[in-house]
Q: 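The structure's right below; bear with me while I get my questions together.
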Amino acid sequence: QLQVAESGGGLVQPGGSLRLSCAASGFSLNYYAIGWFRQAPGKEREGVSCISSMRGSTHWLDSVKGRFTISRDVAKNTVYLQMNSLKPEDTAVYYCASRRYICSDDQRDFGPWGQGTQVTVSS
């Protein structure tokens with residue numbers, strides 16, 4: 001059974017850092033892309049970053065370029081989202097989801113989804 005599980009969220013001050021983890025089970029990252037998404041209160045879920053099965057990565061959000069880095073450890077079957085210089089507007093529930101081989105701009109192409117991990121950026 002394909003599953004993903006997020007962890008690593010928490011409360012951090014503006015300018016701080018967090019590293020989110022997305023642990024995959026039931027499939028190999030050698031054959032699946034993983035996308036990170038977030039949903040802030042009262043807003044629609046938006047795509048943040050994605051890494052393909054061939055390690056190509058993309059950031060969908062201009063606001064995270066230069067601050068967020070997506071990476072993966074195939075041996076641990078885990079994808080990471082390193083978030084630096086965090087801002088209050090980064091506050092959201094962060095989700096990861098899988099898609100076979102390559103990333104897609106359409107969230108409907110991704111699944112299964114994890115339960116999410118809360119990131120709160122506040123002083």
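Residues: numbered from 1 along the sequence shown.
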Q: Just wondering, do Trp60 and Val48 contact through their side chains at under 4.5 Å, heavy atoms?
A: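 With C-beta onward as the side chain, the pair stays apart.
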
Q: Do Arg45 and Trp113 come within less than 4.5 Å of each other through their side chains, counting heavy atoms only?
A: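 Sidechains of Trp113 and Arg45: in contact.
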
Q: Answer yes or no: are there more than 12 heavy-atom neighbours, outside Glu89 itself, under 6.0 Å from its atom CD?
A: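 Yes.
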
Q: Which heavy atom in Leu18 sits nearest to a heavy atom in Leu86, and how many Å separate them?
A: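 For Leu18 and Leu86, the tightest heavy-atom pair comes out as N-CD1, 3.9 Å.
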
Q: Taking all non-hydrogen atoms of both residues, which atom of Arg38 and which atom of Ser63 are closest, and how far apart?
A: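 Here Arg38 and Ser63 meet closest at NH2-OG, 4.0 Å.
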
Q: Between the side chain of Ser53 and the main-chain N/O of Tyr101, is any donor-acceptor distance below 3.5 Å?
A: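 Yes, because the side chain of Ser53 sits within donor-acceptor range (under 3.5 Å) of the backbone of Tyr101.
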
Q: Would you mind reporting whether Trp36 and Ile70 have side-chain heavy atoms less than 4.5 Å apart?
A: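 Yes - at least one pair of side-chain heavy atoms lies under 4.5 Å apart.
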
Q: Report yes or no: do Leu29 and Tyr95 belong to one cluster of Ile/Leu/Val/Met/Phe/Trp/Tyr joined by side chain heavy-atom distances under 4.5 Å?
A: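 In one cluster: no.
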
Q: How long is the span from the CZ atom in Arg99 to the CZ atom in Arg108, to the nearest 0.5 Å?
A: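 So the CZ of Arg99 and the CZ of Arg108 are separated by 12.0 Å.
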
Q: Do the side chains of Asp90 and Lys87 get close enough for a salt bridge, i.e. N-O under 4.0 angstrom?
A: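 Not counted as a salt bridge, because no side-chain N and carboxylate O are separated by less than 4.0 Å.
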
Q: Within this structure, what is the CG-OH distance for the pair Leu20 and Tyr80, rounded to the nearest 0.5 Å?
A: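 If we round to the nearest 0.5 Å, Leu20:CG and Tyr80:OH are 12.0 Å apart.
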
Q: Please report the interatomic distance OG1(Thr69) to CD1(Ile51), rounded to the nearest 0.5 Å.
A: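 With rounding to 0.5 Å, OG1 (Thr69) is 10.5 Å from CD1 (Ile51).
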
Q: Where is the tightest heavy-atom contact between Pro14 and Ser123, given as atom of each residue plus distance?
A: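 Result for this residue pair: CD-N, 3.7 Å.
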
Q: Taking the side chain from His59 and the backbone from Phe68, do they hold a donor-acceptor pair closer than 3.5 Å?
A: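 Pair found, side chain donor or acceptor close to backbone of Phe68.
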
Q: Do Leu2 and Tyr32 have side-chain heavy atoms sitting under 4.5 Å apart?
A: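 Counting from C-beta outward, Leu2 and Tyr32 do come under 4.5 Å.
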
Q: Restricting to pairs with a member in residues 2-80, which pass disulfide bond (SG atoms under 2.5 Å apart), not counting sequence neighbours?
A: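 Residue pairs with at least one partner in residues 2-80: Cys22-Cys96, Cys50-Cys103.
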
Q: Side-chain contact test, heavy atoms from C-beta onward, threshold under 4.5 Å: evaluate it for Ile34 versus Phe110 and give yes or no.
A: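 Sidechains of Phe110 and Ile34: no contact.
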
Q: Who are the salt bridge (Lys or Arg N to Asp or Glu O under 4.0 Å) partners of Lys43, not counting sequence neighbours?
A: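 Partners of Lys43 under the salt bridge (Lys or Arg N to Asp or Glu O under 4.0 Å) test: none.
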
Q: Would you mind reporting whether Asn30 and Arg72 have side-chain heavy atoms less than 4.5 Å apart?
A: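 Result yes, sub-4.5 Å side-chain heavy-atom pair found.
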
Q: Is there a donor-acceptor contact under 3.5 Å from the side chain of Thr91 to the main chain of Val121?
A: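 Yes; judged by distance alone, with no hydrogens or angles, the pair exists.
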
Q: For residues Val93 and Val12: do they belong to one hydrophobic cluster (side chain heavy atoms under 4.5 Å, members Ile, Leu, Val, Met, Phe, Trp, Tyr)?
A: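 Result: no, two separate clusters.
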
Q: State, with a plain yes or no, whether a side-chain heavy atom of Met83 is found less than 4.5 Å away from one of Val119.
A: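 Counting from C-beta outward, Met83 and Val119 do come under 4.5 Å.
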
Q: Rounded to the nearest 0.5 Å, what separation is found between the CG atom of Leu81 and the CZ atom of Phe37?
A: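 If I round to the nearest 0.5 Å, the distance is 11.5 Å.
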
Q: Side chains of Gln118 and Leu11: closer than 4.5 Å at any heavy-atom pair?
A: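 No, every pair of side-chain atoms sits at 4.5 Å or beyond.
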
Q: Under 3.5 Å, side chain of Ser98 to main-chain N/O of Ala33, donor-acceptor pair present?
A: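 Looks like no, no N/O pair under 3.5 Å.
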
Q: Determine whether a donor-acceptor pair (N or O, by modelled atom type, separation under 3.5 Å) exists between the side chain of Thr117 and the backbone of Gly9.
A: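 Yes, Thr117 side chain to Gly9 backbone: donor-acceptor pair under 3.5 Å.
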
Q: Side chain to side chain donor-acceptor pair (under 3.5 Å): which pairs involve residues 3-25, sequence neighbours left out?
A: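 Non-adjacent pairs meeting side chain to side chain donor-acceptor pair (under 3.5 Å): Ser17-Asn84.
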
